[in-house]
Amino acid sequence: AQTVTQSQPEMSVQEAETVTLSCTYDTSESDYYLFWYKQPPSRQMILVIRQEAYKQQNATENRFSVNFQKAAKSFSLKISDSQLGDAAMYFCAYRRRPLQTGANNLFFGTGTRLTVIP
Amino acid sequence: EAQVTQNPRYLITVTGKKLTVTCSQNMNHEYMSWYRQDPGLGLRQIYYSMNVEVTDKGDVPEGYKVSRKEKRNFPLILESPSPNQTSLYFCASRPLTGGGYTFGSGTRLTVV
């Protein structure tokens with residue numbers, strides 16, 4: 001079974017500094033997607049960044065980047081130049097890529113609450 | 001605007017009183033899914049649907065029903081709600097061949 005582990009329940013960062021959120025996952029598949037979602041107090045789930053496992057290049061979206069280590073099954077999120085609006089719960093998630101029955105579940109970690117200190 | 005719309009946003013009900021949470025998407029997505037979010041557990045899938053009239057159980061289906069009579073709508077039905085179904089519920093959709101999900105704004109359900 002696929003599992004996603006976020007070992008940091010809470011993290012804090014000074015405004016304008018950089019923070020890295022950790023995520024590890026367990027799978028026997030070779031082809032899959034990995035995601036980071038942000039959930040602010042409004043509780044909306046917002047897609048931050050996505051990585052396809054077959055791509056060696058780490059995904060980047062403006063101030064957000066990932067460090068994808070496929071062999072180690074690690075998928076960390078780096079937030080550069082942290083802003084007050086980055087304060088939220090962050091969820092790491094995994095999904096198998098093949099379009100097979102039962103393959104469409106998005107497995108979530110338990111989340112990391114990020115506080116940004118002014 | 002492309003979106004997933006859930007209603008209601010908040011609901012307080014009593015044990016055993018049937019309720020329906022509606023979900024509608026305007027992106028012509030084939031795949032729709034329901035999740036519940038509980039503290040310390042992340043989001044867990046309840047049911048999913050790969051297209052009209054095609055639904056299947058997720059990880060925590062007990063006590064829930066769904067239907068997919070139209071492509072855009074995917075209601076979640078609690079026939080006899082119990083307090084352990086108090087949770088935050090999310091509907092999500094995506095294209096069948098795509099990777100990213102679009103989530104609704106969530107429904108906070110309290111069963112007393």
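By convention in this document, chain letters (A, B, ...) are assigned in the order of the sequence lines, proteins followed by strands, and residues within each chain are numbered from 1. Given the structure is predicted, the values throughout are model-derived calculations rather than measurements.
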Please report the shortest heavy-atom distance between B/Gly106 and A/Arg43, naming the atom on each side.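 Shortest heavy-atom contact: O-NH2, 3.0 Å.
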
Kindly give the heavy-atom pair with the smallest separation between A/Gln44 and B/Ser105, and that separation in Å. OE1-OG, 3.0 Å

Using a cut-off of 6.0 Å, state whether more than 12 heavy atoms not belonging to [X] lie near its atom [atom1].
{"X": "A/Arg63", "atom1": "CZ", "value": "yes"}
{"X": "A/Lys73", "atom1": "NZ", "value": "yes"}
{"X": "A/Asn62", "atom1": "CG", "value": "no"}
{"X": "B/Glu53", "atom1": "CD", "value": "yes"}
{"X": "A/Leu84", "atom1": "CG", "value": "yes"}

With a 4.5 angstrom heavy-atom cut-off, is it the side chain or the backbone of B/Arg108 that approaches chain A, or both, or neither?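 For B/Arg108, the contact with chain A is made by backbone and side chain together.
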
Taking atom CZ of B/Arg94 and atom CG of A/Leu47, what is their separation to the nearest 0.5 Å?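 Reported to 0.5 Å precision, the distance equals 12.5 Å.
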
Check the hydrophobic clustering (I, L, V, M, F, W, Y; side-chain heavy atoms under 4.5 Å; chains of links allowed) and say if A/Phe68 and A/Phe64 are grouped together. yes

Under 4.5 Å between any side-chain heavy atoms of B/Gln37 and A/Gln39, yes or no?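 The answer is yes; the side chains approach within 4.5 Å.
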
With the side chain counted from C-beta on, respond yes when B/Tyr101 and A/Arg95 share a heavy-atom pair under 4.5 Å apart, and no when they do not. yes

Please say which of A/Phe107, A/Phe108, A/Tyr37 ends up in a side-chain contact (heavy atoms from CB on, under 4.5 Å) with B/Leu43.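 That would be A/Phe108; it is the only one of A/Phe107, A/Phe108, A/Tyr37 passing the side-chain contact (heavy atoms from CB on, under 4.5 Å) with B/Leu43.
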
